[in-house]
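Everything numeric here is computed off the predicted structure, so don't read it as measured data. If you read the sequence from its start, that first residue is 1, and numbering goes on from there.
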Amino acid sequence: MSSEKQILVLEDFDTPTISNAIATFPASTDKCLGLYNPWTTNWYTDQTLHCMFPDLGPRVGYAVTVVYGMPDPAFKRLGFVDILKAIEKAPKPVVLTIKQNFPDHIKNKNGLLGGNMLTAYKSMGVSAVLTDGPSRDLGEIKPLGIQCMFTGLSASHGNFDIEAINVPVNICGMDVAPNDIIHMDENGAIKFPEMYVQDIKGMCEKIVKDDEMKQAAIAKTNDPVKISNIMKGKLDI
């Protein structure tokens, strides 16, 4: 396992930069690991997931996954304490990744997460939460410093049950398995295997330096040909 300090270094970079290092430009072998086909693999979230606290900045952590669904009298094995125990056993920091397995007419108005739940999760080592449905209590949650990504907000909810803990889930287009590394900010969330943390860090440093040079060069000219060449990496023209 990578140490918490090694993981947290990736919070120095925004999520698009991390994504570039992982897979966005596979032809750029010096600055992209090419871990996935960027279009055909479900490694990042779509536009339906929204960052609730952009000012908190990027968060990175190990995925603990949970599936919530409608009450089922035939399955009562799992409770809230089992989520807390799973978080306790996981490496830190944790990005709690919650699948809302509800019919659409319920899911769209289910304010699943609130201040009490998020306070409990923070005490167990959760630094960020993402879920593919709405939640509530935004005013109570923000002071906790937990980064949250929801599809929206809703004032209330009804009864629900826990269907599964630490199983593969899909959250707004992103496939997540337990212990995947998740990086997230106001642009969205991405996932990748832990073994690539140090490689991603090195490539992000190259990407940031390259982008700074390109943008500085572009800012000095309004010549379309020069700008086009700079965008291609031809900075000496």
Side-chain angles (χ1 to χ4, degrees), residues 1-2 6-51 54 57-68 86 90-91 93-102 104 107 126-133 147-152 163-208 210-211 231 233:
M1 292 286 181
S2 298
Q6 289 174 317
I7 294 293
L8 290 177
V9 166
L10 296 185
E11 292 184 354
D12 292 340
F13 307 99
D14 61 29
T15 302
T17 299
I18 299 287
S19 76
N20 287 350
I22 293 171
T24 306
F25 302 109
S28 181
T29 56
D30 61 327
K31 294 188 288 292
C32 179
L33 292 171
L35 298 185
Y36 313 115
N37 181 312
W39 284 127
T40 62
T41 304
N42 296 325
W43 59 286
Y44 63 96
T45 57
D46 61 31
Q47 63 180 346
T48 60
L49 195 63
H50 305 292
C51 180
R59 292 294 168 87
V60 64
Y62 296 87
V64 169
T65 69
V66 181
V67 181
Y68 274 97
V94 165
V95 175
L96 189 61
T97 307
I98 300 176
K99 179 71 178 178
Q100 297 196 36
N101 188 29
F102 299 99
D104 286 344
K107 184 173 182 176
V126 171
S127 67
V129 175
L130 54 87
T131 181
D132 63 343
Q147 184 60 278
C148 296
M149 299 193 77
F150 309 146
T151 58
E163 296 184 350
I165 297 173
N166 274 337
V167 296
V169 295
N170 182 281
I171 304 294
C172 298
M174 179 175 69
D175 293 332
V176 181
N179 289 326
D180 277 347
I181 301 296
I182 294 178
H183 192 285
M184 54 193 276
D185 69 5
E186 61 186 346
N187 298 282
I190 58 176
K191 64 84 178 276
F192 56 89
E194 179 190 18
M195 63 185 292
Y196 295 104
V197 167
Q198 291 304 309
D199 293 329
I200 291 170
K201 174 181 177 292
M203 289 195 169
C204 283
E205 291 170 347
K206 292 180 183 178
I207 291 168
V208 169
D210 184 62
D211 285 349
M231 291 289 288

J.: With the side chain counted from C-beta on, respond yes when Asn166 and Val64 share a heavy-atom pair under 4.5 Å apart, and no when they do not.
T.: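 Yes - at least one pair of side-chain heavy atoms lies under 4.5 Å apart.
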J.: How many angstroms lie between atom CG of Asp175 and atom OH of Tyr44, to the nearest 0.5 angstrom?
T.: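 These two atoms lie 12.5 Å from each other.
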J.: Taking all atoms of both residues into account, what is the closest heavy-atom pair of Tyr36 and Ala23, and its distance?
T.: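 Taking Tyr36 first and Ala23 second, the nearest heavy atoms are O-CB, 3.5 Å.
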J.: Would Asn101 and Glu163 satisfy side chain to side chain donor-acceptor pair (under 3.5 Å), going step by step from the backbone distance to the final call?
T.: CA-CA 9 Å; Asn101 188 29; Glu163 296 184 350; 2.9 Å; yes
J.: What distance do Ile22 atom CD1 and Thr41 atom OG1 have between them, rounded to the nearest 0.5 Å?
T.: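 Here the interatomic distance stands at 12.0 Å.
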J.: Indicate yes or no: at least one non-hydrogen side-chain atom of Val176 is less than 4.5 angstrom from one of Asn170.
T.: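 Side-chain contact under 4.5 Å: no.
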J.: How close do Trp43 and Ser19 get, heavy atom to heavy atom, and via which atoms?
T.: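 Smallest heavy-atom distance, with atoms named: CH2-O, 3.6 Å.
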J.: Using a 4.5 Å cut-off on heavy atoms from C-beta on, say whether the side chain of Pro178 contacts that of Val167.
T.: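 They are not in contact (no side-chain heavy atoms under 4.5 Å apart), so the answer is no.
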J.: Show the nearest heavy-atom pair for residues Ala189 and Met174, with the distance to one decimal.
T.: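 For Ala189 versus Met174, the nearest heavy atoms are O-SD, 3.7 Å.
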J.: Could you check whether any side-chain heavy atom of Arg59 comes within less than 4.5 Å of a side-chain heavy atom of Glu11, counting everything from C-beta outward?
T.: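 Yes, close enough: below the 4.5 Å cut-off.
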J.: What do the steps show when you test Thr17 against Asp14 for side chain to side chain donor-acceptor pair (under 3.5 Å), and what is the final call?
T.: CA-CA 6 Å; Thr17 299; Asp14 61 29; 2.7 Å; yes
J.: Side-chain contact, heavy-atom cut-off 4.5 Å: Val197 with Leu10?
T.: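 The answer is yes, as the side chains (C-beta and beyond) meet within the 4.5 Å cut-off.
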J.: Can you tell me how far apart OG1 (Thr45) and NZ (Lys191) are? Round to the nearest 0.5 Å.
T.: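 Thr45 OG1 to Lys191 NZ: 11.5 Å, rounded to 0.5 Å.
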J.: side-chain hydrogen bond (donor to acceptor under 3.5 Å, both in side chains) with Thr15: which residues, sequence neighbours excluded?
T.: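 His183, Asp185.
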J.: Which heavy atom in Asp210 sits nearest to a heavy atom in Lys31, and how many Å separate them?
T.: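 Closest heavy-atom pair between Asp210 and Lys31: OD2-CE, 4.0 Å.
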J.: For Met203 versus Thr29, what's the shortest heavy-atom pair and its separation?
T.: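 Smallest interatomic distance, heavy atoms only, reads CE-O, 3.9 Å.
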J.: Yes or no on side chain to side chain contact (heavy atoms under 4.5 Å, CB included) for Val60 and Ile182, after CA distance, side-chain angles and deciding distance?
T.: CA-CA 6 Å; Val60 64; Ile182 294 178; over 6 Å; no
J.: Got a second to check how far Ile98's CD1 is from Thr131's OG1, nearest 0.5 Å?
T.: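 Between atom CD1 of Ile98 and atom OG1 of Thr131 there are 5.5 Å.
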J.: Quick one: pull up OH in Tyr196 and CG in Leu33 and give me the separation to the nearest 0.5 Å.
T.: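 If we round to the nearest 0.5 Å, Tyr196:OH and Leu33:CG are 7.5 Å apart.
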J.: Any heavy-atom pair between the side chains of Phe192 and Ile18 that's under 4.5 Å?
T.: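 Counting from C-beta outward, Ile18 and Phe192 do come under 4.5 Å.
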J.: Check the pair Asp30 / Lys206 against salt bridge (Lys or Arg N to Asp or Glu O under 4.0 Å), numbers first and verdict last.
T.: CA-CA 9 Å; Asp30 61 327; Lys206 292 180 183 178; 5.8 Å; no
J.: Mind running side chain to side chain contact (heavy atoms under 4.5 Å, CB included) on Asp180 and Tyr62 for me, showing each step along the way?
T.: CA-CA 6 Å; Asp180 277 347; Tyr62 296 87; over 6 Å; no
J.: Should Gln147 and Leu130 count as side-chain neighbours, where that means a heavy-atom distance under 4.5 Å?
T.: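 Counting from C-beta outward, Gln147 and Leu130 never come under 4.5 Å.
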J.: Ignoring hydrogens, what is the shortest heavy-atom contact between Thr151 and Cys172? Give both atom names and the distance.
T.: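 Here Thr151 and Cys172 meet closest at CG2-SG, 3.9 Å.
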J.: How long is the straight-line distance from CG of Asp199 back to CG of Leu35, given to the nearest 0.5 Å?
T.: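 The CG atom of Leu35 sits 8.5 Å away from the CG atom of Asp199.
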J.: Let me see the working for Lys99 and Asp132 under side chain to side chain contact (heavy atoms under 4.5 Å, CB included), right down to the final yes or no.
T.: CA-CA 6 Å; Lys99 179 71 178 178; Asp132 63 343; 2.9 Å; yes
J.: Given Asp12 and Lys201, is the salt bridge (Lys or Arg N to Asp or Glu O under 4.0 Å) satisfied, shown in steps?
T.: CA-CA 9 Å; Asp12 292 340; Lys201 174 181 177 292; over 6 Å; no
J.: Going through the checks in order, is the side chain to side chain contact (heavy atoms under 4.5 Å, CB included) test met by Val9 and Ile7?
T.: CA-CA 5 Å; Val9 166; Ile7 294 293; over 6 Å; no
